[in-house]
Amino acid sequence: MFSNKIEKFIHDNNYPTFSPKAVFFDMDGVLFDSMKFHATAWVNALHAKGLPFTEYDAYMNEGRTGASTIDELFLKEYNRYATEDEKNEIYSLKSKFFESCGKVEQIAFAAELLTKVKAQNLQIFVVTGSGQASLIDNLDENFPGIFEKEKMVTAYDVNNGKPHPEPYLIALEKSGVKPWEAVVVENAPLGVQSATAAGIFTIGVNTGPLKPEVLIESGAQIVFDGMKELLTEWDNFIENNRN
Ligand code: CA
């Protein structure tokens, strides 16, 4: 099932091989079932400021940094970028609404996949557009022993958030692996675009309300209906391709 896609990936990118040594996980929608809260929080915060925004808009913008989401909306509505003050005010309001949504649950089967990947001695990174301090702290609590502070790329590390390739290019740099030695797990169109623009094999996991075609069209090499399906196929995928 995977060998054709891997061969095509190697060929299209003119890589010498495909030999994963690191897995880069997106966070919201891949590790945490948090997107519904983010969507509600964005809608509430932006409506409070008189700006039009829907939950669907939130899913389509998923992966952007908060500042970039706000700028995009300001460009559309006011034909200008938001000021730093406006961005700070809206983002802190959004964060406040997010905190009030309650406890964020894990995506089902994410912990099992992380444990499996760890046991296979693959480096594990989290690459997120989030700057939500509470969520980043939550990683260790939810998935003890899996993540290390220096193996994270967050909103604080990048000038250009997803869909720009910078977050995944920084992950390649920090992990010291080549693009053909990494795999990305993403759930959102802009995240998939970012990862594929960085030249990395990208697995789309469709955990939200979007149609799976959206992830294929964004460039994902493989798309699964959910984390359970990815967990089931993981060994098949990884063991056939490690040198
Ligand atoms: Ca995501």
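In listed order, ligands and their atoms are each counted from 1. Note that this is a predicted model, so its numbers are computed, not measured.
- The hydrophobic cluster containing L215 also includes V192, I216, V223, under a criterion of side-chain heavy atoms closer than 4.5 Å among ILVMFWY residues, counted directly or through chains of members.
- Ion pairing of E55 with K36 is absent here, as no side-chain N (NZ or NE/NH1/NH2) approaches a carboxylate O to less than 4.0 Å.
- If you take CG on L113 and NZ on K116, they are separated by 8.0 Å, rounding to the nearest 0.5 Å.
- Among I107, L230, D26, the single residue meeting the side-chain contact (heavy atoms from CB on, under 4.5 Å) criterion with V205 is L230.
- By the side-chain hydrogen bond (donor to acceptor under 3.5 Å, both in side chains) test, E86 is found to be paired with R80, T83, residues two or more places apart in sequence or in another chain being considered.
- With sequence neighbours excluded, no residue satisfies side-chain hydrogen bond (donor to acceptor under 3.5 Å, both in side chains) with Q221.
- Looking only at protein N/O/S atoms, the ones less than 3.0 Å from the Ca ion (ligand 1) make 4 in total.
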